Amino acid sequence: MRRLYKLFIFVFLPLFTGFIIYVFFRKPGLMLDHWFPFMDNLRPNMPFRLGDSFFAELILFQLPDALWAFSLMYVFLLIWKDAKSSTKFIWVLTGVFFVYGIEFSQYVGSGTFDGLDLLAITVAMALAFYASVGAVPLRSN
């Protein structure tokens, strides 16, 4: 049961939070809107505004990237927790390359590469490592 709580807190909740930010707080015209035209209908007529501060920009643009990177890395670490160290290392490194690959593909393509995204996903993956070794208790005994 404890594993289910960890999955909810460290995987599903961050993914859901990032999705909510991405869909309801960002302006229309996202790549997601081109893939799924119905997404515009999910947004309210008057979009929520967090303001134009640096903090608001971090919430709108870096936090969703960090949340999915955290979730993915946590899942990789959870799946390969009991594997031999070399197998675990290869799979976790694959996850790291995948996350960074997505961001760097925006640099060479027509995406929205941002150095702050790199920083956010790096911190998020480090936090996933920290959480996966049991350093983050869900409740005190």
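Atoms considered below: every heavy atom in the structure, side chains included; atoms not considered: hydrogens, waters and symmetry mates. This one's a predicted model, so the numbers in the text were calculated from it and none came from an experiment.
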What pair of heavy atoms forms the shortest contact from [X] to [Y], and how long is it?
| X | Y | result |
| --- | --- | --- |
| L67 | G18 | CD1-N, 3.6 Å |
| A66 | A120 | CB-O, 3.7 Å |
| G95 | M73 | C-CE, 3.8 Å |
| V99 | I121 | CG1-CD1, 3.6 Å |

Return each pair, listed once, that meets side chain to side chain donor-acceptor pair (under 3.5 Å) where at least one residue sits in residues 60-81; pairs must be two or more places apart or across chains.
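Of all non-adjacent pairs touching residues 60-81, those that pass side chain to side chain donor-acceptor pair (under 3.5 Å) are Q62-D114, Q62-D117.
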
Let me check something: do [X] and [Y] share a hydrophobic cluster, defined by ILVMFWY side-chain heavy atoms less than 4.5 Å apart, either directly or through other members?
| X | Y | answer |
| --- | --- | --- |
| M125 | I9 | yes |
| F104 | L72 | yes |
| F61 | I20 | yes |
| F129 | I90 | no |
| F10 | I79 | yes |

[X] versus [Y]: any side-chain heavy-atom pair under 4.5 Å?
| X | Y | result |
| --- | --- | --- |
| L15 | F19 | no |
| K6 | L78 | no |
| W91 | V96 | no |
| V123 | F70 | no |

So with a 6.0 Å cut-off around CZ of F113, is the heavy-atom count from everything else above 12?
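Yes, CZ of F113 has more than 12 neighbouring heavy atoms, counting only those of other groups under 6.0 Å.
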
Does CZ belonging to F89 count more than 12 external heavy atoms closer than 6.0 Å?
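Incorrect, the count does not exceed 12.
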
Reported [atom1]-to-[atom2] distance for the pair [X] and [Y], which is rounded to 0.5 angstrom:
| X | Y | atom1 | atom2 | result |
| --- | --- | --- | --- | --- |
| Y100 | S105 | OH | OG | 14.5 Å |
| L127 | T122 | CG | OG1 | 11.0 Å |
| L58 | L63 | CG | CG | 9.0 Å |
| L116 | F54 | CG | CZ | 5.0 Å |

